[in-house]
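Here is the structure we will look at.
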There are 2 protein chains.
Amino acid sequence: MTITKAACVGRPRGFDIDIALEQALNVFWRNGYEGTSLNELTEAMGIKKPSLYAAFGNKEQLFFKAIDLYENRPDSLFNIAFQHEHIADVIRGLLLGAAAQFTDCSHPQGCALINSTLSCSEASDSIKKTVLERKLKHKQQLADRFEQAKCKGELQDDCEPVVLASLMTTLFQGLSMQASEGASVEELQQVAAMAAEGILTVCVKR
Amino acid sequence: MTITKAACVGRPRGFDIDIALEQALNVFWRNGYEGTSLNELTEAMGIKKPSLYAAFGNKEQLFFKAIDLYENRPDSLFNIAFQHEHIADVIRGLLLGAAAQFTDCSHPQGCALINSTLSCSEASDSIKKTVLERKLKHKQQLADRFEQAKCKGELQDDCEPVVLASLMTTLFQGLSMQASEGASVEELQQVAAMAAEGILTVCVKR
DNA sequence: ATTGTTCTGTACCGAACGGTAATATATAGA
DNA sequence: TCTATATATTACCGTTCGGTACAGAACAAT
């Protein structure tokens, strides 16, 4: 899916807009929104500033498009883990999957969405707000999935789906930060495994 | 403990250096290192830039001094929680204490150390490195305390103190982020309670 | 070949950044 | 009162920030 319809008249664009966007995502992923300068972006994307502005609007819109690209990846953590039938497998899949994906060295470490939110002063308020909404949406998806599991009788009676969703979000954010700080895949997997074991023990009927 | 020895000659300083430092800490706490500008600092501290530079060196040194102030607070989370004898109380104290302190509205939300690390591009590398060392030191303190508990037979045999310390760190970082994003004290306490219950169940002998 | 359209590159904008030179001002000691 | 010293104030430095005006270059349609 291209971002801007290819023009059939005029000078043709000299770069692949999808590849450029992916490069931009990588920079935002690594440095966050405010931590990324236009010079870093243009250098990584292999284009000059006016080309960037013509193709993507401005830094803010470029960021949103990059985040869209990130969230629509087919190998998204949620997409994979939610395919499991049993809630225990979902929880294990989410935590161990996060540990694996956040340390996957084929792209920057951690979660792009979580990393981006960080380096944001009061200046870029719309960025903060939008990223927060996305994260809230994901938390809601988790809560919905856990609620569904509870209806099926998979969860303990005293386990609140919303709280469990918050706890998972907390763990994701912590795992993402640790990954960004250079934690190894082994360390994060041990952490994820211990967390999963604890959650399964106190929240899931067996 | 003052930062700079009070001069007994020359024009006396027109502001309280300790109060100014505390104001600086609050700004860094709220906005992170790179997210904080000198104008914000001087405004919050009630002084002009040359006074700031005369008293604290530069932005980087001011940050280090502010972080020192933060870590040497008497009501530090670790100081309080480590006073408990039983490891179960330590773990509960750490998690519930974090939920409470991170949402305490008498100061910025979240953990200052964790928040600061975030908004740091490759530029301020020494900041990143120093903050990382501090966080690592805290993780080590946790690991030592858990190791000690294991020696006393308080932990399950298959519970690795280092992994448990990593999991606690992960939870702290997640809780701090959620607090910074505006989570309520109630929500965080529920999350902390659930996490504590899980950890106590799988890691601690009862 | 000309025109219209769109992209590319250079060179620049005002604003904000961290940091400082120069100078005025307030105190202690002589 | 005068001098030495340390602080406060103003006004400025060079750099980088996000963003853009402008002119040239490459294509499709005529």
Side-chain angles (χ1 to χ4, degrees), chain A residues 2-21 24 27-28 31-66 116 119-128, chain B residues 2-21 24 27-28 31-66 116 119-128:
Chain A
T2 51
I3 301 297
T4 300
K5 195 76 202 78
C8 55
V9 62
R11 177 171 174 171
R13 183 175 284 123
F15 61 96
D16 186 315
I17 199 165
D18 294 308
I19 294 178
L21 183 57
V27 184
F28 284 129
N31 302 334
Y33 179 72
E34 286 192 351
T36 297
S37 73
L38 280 177
N39 283 337
E40 289 176 281
L41 284 170
T42 53
E43 191 175 347
M45 300 165 83
I47 62 178
K48 298 298 169 62
K49 273 191 278 187
S51 300
L52 188 157
Y53 277 81
F56 300 101
N58 59 13
K59 187 186 174 186
E60 186 176 311
Q61 293 174 41
L62 172 61
F63 174 77
F64 289 144
K65 284 165 183 162
S116 312
S119 58
C120 261
S121 69
E122 301 132 10
S124 42
D125 219 21
S126 67
I127 297 287
K128 218 171 192 166
Chain B
T2 51
I3 301 300
T4 299
K5 195 77 202 75
C8 56
V9 63
R11 176 172 177 171
R13 183 176 282 124
F15 61 95
D16 185 316
I17 200 166
D18 294 308
I19 294 179
L21 183 58
V27 184
F28 283 129
N31 302 334
Y33 178 73
E34 286 192 350
T36 297
S37 73
L38 281 178
N39 284 336
E40 288 176 282
L41 285 170
T42 53
E43 191 175 347
M45 300 164 83
I47 61 178
K48 299 297 170 62
K49 273 191 278 186
S51 299
L52 189 156
Y53 277 80
F56 300 102
N58 59 15
K59 187 186 174 186
E60 186 175 311
Q61 292 173 42
L62 173 61
F63 174 78
F64 290 144
K65 284 164 183 163
S116 312
S119 59
C120 261
S121 70
E122 301 134 9
S124 42
D125 219 20
S126 66
I127 298 286
K128 218 171 191 167

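The sequence lines fix the lettering, A, B, ..., with proteins before strands; numbering per chain opens at 1. Values below: all heavy atoms of this structure, side chains included; hydrogens, waters and symmetry mates excluded.
Atom P of nucleotide dT6(C) and atom CG of L52(A) are separated by 19 Å, given to the nearest angstrom. The interatomic distance linking F15(B) (CZ) with dT9(D) (C1') rounds to 13 Å, in whole Å. In this structure, K48(A) atom NZ and dG18(D) atom C1' are separated by 17 Å, rounded to whole Å. Per the geometry, CG belonging to L41(A) stands 11 Å off P belonging to dC17(D), to the nearest Å. The CZ-P distance, from F56(A) to dT20(D), rounds to 16 Å in whole Å. Taking atom CE of residue M45(A) and atom P of nucleotide dG9(C), one finds them 13 Å apart after rounding to whole Å. I47(A) has its CD1 atom 12 Å from the P atom of dC7(C), to the nearest Å.
Neither OP1 nor OP2 of dT7(D) sits under 4.0 Å from any side-chain N or O of S51(B).
Checked against side chain to side chain donor-acceptor pair (under 3.5 Å), T42(B) has no partners two or more places apart in sequence or in another chain. Looking at residues two or more places apart in sequence or on another chain, you find a side chain to side chain donor-acceptor pair (under 3.5 Å) between E60(B) and S126(B). Residues passing the side chain to side chain donor-acceptor pair (under 3.5 Å) test with Q61(A): none are found, sequence neighbours excluded.
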Under 3.5 Å, N/O pairs linking protein and nucleotides 24-30 of chain D:
{"from": "dA25(D)", "atom 1": "N3", "to": "R11(A)", "atom 2": "NH1", "distance (Å)": "3.4"}

Between N or O atoms, less than 3.5 Å apart, protein on one side and nucleotides 17-19 of chain C on the other: list the pairs.
{"from": "dC17(C)", "atom 1": "OP1", "to": "S37(B)", "atom 2": "OG", "distance (Å)": "3.3"}
{"from": "dC17(C)", "atom 1": "OP2", "to": "N39(B)", "atom 2": "ND2", "distance (Å)": "3.2"}
{"from": "dG18(C)", "atom 1": "OP1", "to": "T36(B)", "atom 2": "O", "distance (Å)": "3.2"}
{"from": "dG18(C)", "atom 1": "OP1", "to": "K59(B)", "atom 2": "NZ", "distance (Å)": "2.8"}
{"from": "dG18(C)", "atom 1": "OP2", "to": "L38(B)", "atom 2": "N", "distance (Å)": "2.7"}
{"from": "dG19(C)", "atom 1": "OP2", "to": "Y53(B)", "atom 2": "OH", "distance (Å)": "2.6"}
{"from": "dG19(C)", "atom 1": "OP2", "to": "K59(B)", "atom 2": "N", "distance (Å)": "3.2"}
{"from": "dG19(C)", "atom 1": "O5'", "to": "Y53(B)", "atom 2": "OH", "distance (Å)": "3.0"}
{"from": "dG19(C)", "atom 1": "N7", "to": "K49(B)", "atom 2": "NZ", "distance (Å)": "3.4"}
{"from": "dG19(C)", "atom 1": "O6", "to": "K49(B)", "atom 2": "NZ", "distance (Å)": "2.3"}

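For the pair M45(B) and F15(B), the minimum side-chain heavy-atom distance is 4.5 Å or more.
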Between side-chain atoms of residues 46-55 of chain A and protein atoms elsewhere (two or more places apart, or another chain), which donor-acceptor pairs fall under 3.5 Å?
none

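When all heavy atoms of E34(A) and K59(A) are compared, the pair lying nearest together is CA-NZ, 4.1 Å. A24(A) and L62(A) get closest at one heavy-atom pair: CB-CD1, 4.0 Å. Nearest approach of G35(A) to E40(A), heavy atoms of both residues: O-OE1, 3.4 Å.
Note on ring orientation: taking the six-membered ring where Trp is involved, the planes of F28(B) and Y33(B) are parallel (angle under 30°, cut-offs 30° and 60°).
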